[in-house]
Student: 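The structure that follows is given in the form of structure tokens.
Small disclaimer: the values here were computed from a predicted structure and weren't measured.
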Amino acid sequence: VSYVLAGYGVTLAALVGYGAWVLTRGRRYR
Amino acid sequence: MNDRRGTGSVVTMTLGIAAFVSLAATYAIGLTLPKTYEQGDYSKLIAIHPGLAWASYVAFGVTAMASVLWLWPRTRSLTWDLLAGSSAEVGVVFTALTLITGSIWGRPTWGVWWVWDARLTLSALELTLLLGYLALRRVPADAEVRGRRSALSALLAVLVVPVNHFAVSWWRTLHQGESLSLTPKDTLDGKFIFAMVLGFLSMTLVYAWLTIHRYRLARREEDVVTDDLDAALEARRREAVTS
């Protein structure tokens, strides 16, 4: 089960992390 | 210039909600899939891994299409160049995740994290090509030169995608063959097919949402460069007039 959770976890973390990075950089521009 | 702060709009808000809901459903359904005889719990990864791979193909496809539209003189516009670059960057995330989740799936089922077979090697090559493409885009050049060399390299890189897609049929690999086909032989159970198709949908929506935001960010960055250049030119002109 830990492999399954690792797969789901890393996917969620990467998508959320990358999305947050793009949104944060976008907020610097008006 | 736009007065709105950030890269959001009604379109991205709607798309974002759809992506979030479908991704949440993919997680809920994927994590509650039943154990299978051959793989036990590990078959649960079917809800995310094929979807991630699919989204990485979509990213490649959009980059290639935008590159063609840039190369075609009648449609040439900075928009296509920036979209190609944005899609490739989002593609890096999906390709890397495809490799990571595949590796996590491989360890308990094949007994190895990695093996240099056709499917895995070509997927690693795709990631390398995308990173190379992004590096090439960062090499200083004017917009025209950057656009041409980026577009041509993207069109060369995309050739790997169909080869990778058919790799599991053309060569003997450890990776399983096509999971979905028009003439299915060993069909998956309906629940697993549903989870996988939902994964395709949610990853595509997440890809689209990320790419639109990334494109708008690229556009803002480009505007700032242009504005700075205009301001600098204006300053020099004023110097010339006063001296």
Student: To the nearest 0.5 angstrom, please state how far the CD atom of B:Gln39 sits from the OH atom of A:Tyr3.
Tutor: 13.5 Å
Student: Where does B:Leu97 contact chain A at under 4.5 Å (heavy atoms): side chain, backbone, both or neither?
Tutor: side chain
Student: Give, for atom CD of B:Glu221 and atom CZ of A:Arg25, the distance between the pair rounded to the nearest 0.5 Å.
Tutor: 4.5 Å
Student: Out of B:His213, B:His49, B:Glu89, return the one with the most heavy atom pairs under 4.5 angstrom to chain A.
Tutor: B:Glu89
Student: How long is the straight-line distance from CG of B:Leu217 back to CZ of A:Arg27, given to the nearest 0.5 Å?
Tutor: 12.5 Å
Student: Heavy-atom distance under 4.5 Å to chain A: side chain of B:Trp105, backbone, both or neither?
Tutor: neither
Student: For A:Leu15 and B:Phe94, which heavy atoms make the closest approach, and how far apart are they?
Tutor: CD2-CZ, 3.8 Å
Student: Does any heavy atom of chain A fall under 4.5 Å from the side chain of B:Ala47, the backbone, both, or neither of them?
Tutor: both
Student: Is it the case that over 12 heavy atoms from other parts of the model lie below 6.0 angstrom from the CD atom of B:Glu38?
Tutor: no
Student: Check each atom of B:Leu52 against the heavy atoms of chain A and say whether the ones under 4.5 Å are side chain, backbone, both or neither.
Tutor: side chain
Student: Out of the candidates B:Thr12, B:Leu210, B:Thr7, only one should pair with A:Leu23 under the side chain to side chain contact (heavy atoms under 4.5 Å, CB included) rule; please name it.
Tutor: B:Thr7
Student: With a 4.5 Å limit on heavy-atom distance, are the side chains of B:Ile100 and A:Thr11 in contact?
Tutor: no
Student: Without swapping roles, check the side chain of B:Tyr27 against the backbone of A:Tyr8 for a donor-acceptor pair under 3.5 Å.
Tutor: yes
